[in-house]
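What follows is one structure encoded as structure tokens, with my remarks underneath.
We count ligands from 1, going down the list as the structure has it; atoms in each ligand are counted the same way. From a predicted model like this one, the values you see are computed outputs, not experimental measurements.
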Amino acid sequence: MPHPSRRTEDFTDSVIRRMTRISRRFDAVNLSQGFPDFDPPKEILDRLAEVAYEGPHQYALTWGAQNFREALAEKQSRLMGFDIDPDRDVVTTCGSTEAMMAAMMSVVDPGDKVVVFSPFYENYGADAILSGAEPIYVPLHPPTFEFDVEELEAAFSQRPKAIILCNPSNPTGKVFTRGELQTIAKLAQEHDAYVITDEVYEHIVYGPHKHTYMASLPGMYDRTISCSSLSKTYSITGWRLGYVIAPPEVTDVIRKVHDFLTVGAPAPLQEAAVVGLRFGDRYYRDLLEKYDGKRRLFLNGLDEIGIGHTDPQGAYYVMLDISEFGYESDIKFCEDLAEKVGVGAVPGSTFFREDVNHLIRLHFAKNDETLESALGRLSKMREKL
Ligand code: GLN
């Protein structure tokens, strides 16, 4: 048998997706991989039913259907505060997973360095390896997950090609302040680096925190590659609709990479999603209110159980401190949690570059009944583990 490629030897399959499979095996309430168990907005589903008969069912333009890009550019121009040209600045991708990978492959050459904050969403490690980049990890220090400016300066002094910025951050729930973003922006400008953002939780930011788009900071539009998706905003994670917004010199390259990776995102789903992109501000207010309610419900439940946890400023993840259970391996802990307690979680070590084994990540993007059932099970954790 010939050997598989060496570049794939250095990473395992996704631990997040593996935990979903383990949760299914034990019929656990799956709070590992972050996706909702409630329906997308009815308007989008009604439109999907129409599209089933009206089409399109063949390829859209490789960089995205015209009306999808137009609706997206209009929405994001309003939010990001600058004019986005649907014909030049946008590439529609298969989820932000592809957006990030295409962005990395478009600006990074093998051997280039890329700054990644730790903890980080696990895809970035694989993105770096597959594009040949060498990550420089900069810690976000708990409990507030702030970075140390000197540590970030030291990373930039190694002349990275890009920095990856997940804001709001998965798994910490950190929302970067304007001041922090300005510090990152200044270093990116001084050292001539790109900022590749992952902003899929842009609408899930709990007051008083506010989301600031890196691309909206003075002078940053030219070097920022903004990646996001419709998955979390419209509860359609399975539709695989994501996008990149960047200046034309960058989208020209990303379009090529994207074309040869996937040709395009699903045409009928782009068409059906347009109605969502045209929702007014009210939709996003209601979405936030809904997630804020879930956050309170879930965190209050955890407080009643008396287990230490992070306090997310955005997104829908919380990290629990499992030190008291005395496990050496958080992976084993999560396997036991799924099997004996009936709740699926992600081992924290998946996200950290540092040696961290006492945290697990749960998400609360679920119906209230599902969350209550999970809390009921978690309340028996001390008896069962
Ligand atoms: N962002 C989700 C998570 O962190 C998963 C996304 C995915 O599996 N593609 O759980």
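A cation-pi contact links Lys174 to Phe176, judged by a cut-off of 6.0 Å to the six-membered ring centre and 45° from its axis. By the 6.0 Å and 45° rule, Lys366 stacks over the aromatic ring of Phe35.
Both Val356 and Tyr137 are members of a single hydrophobic cluster when ILVMFWY side chains are connected at heavy-atom separations under 4.5 Å.
Proximity of Asn170 to ligand 1, defined as any heavy-atom pair under 4.0 Å, is confined to the side chain (atoms from C-beta onward). Neither the backbone nor the side chain of Glu122 comes within 4.0 Å of ligand 1, counting heavy atoms alone. Only the side chain of Lys232 comes within contact range of ligand 1, with a heavy atom under 4.0 Å; no backbone atom does. Residue Arg17 touches ligand 1 through its side chain alone, judged by heavy-atom distances below 4.0 Å.
Looking from atom 5 (C) of ligand 1 to the surrounding protein, the closest heavy atom is Tyr121 OH, 3.6 Å. Protein heavy atom closest to atom 3 (C) of ligand 1, with residue, atom name and distance, is Tyr317 OH, 3.2 Å.
Side-chain contact check for Met214 versus Ser226: every heavy-atom pair is 4.5 Å or farther apart. A 4.5 Å side-chain heavy-atom check between Tyr201 and Ser228 finds every atom pair outside the cut-off.
Polar contact with ligand 1: absent for Ile16 (N/O pair, distance under 3.5 Å).
Residue contact check for ligand 1: Tyr201 places a non-hydrogen atom closer than 4.0 Å to it.
Under the 4.0 Å criterion applied to side-chain N and carboxylate O atoms, Lys256 and Asp252 are not assigned as salt-bridge partners.
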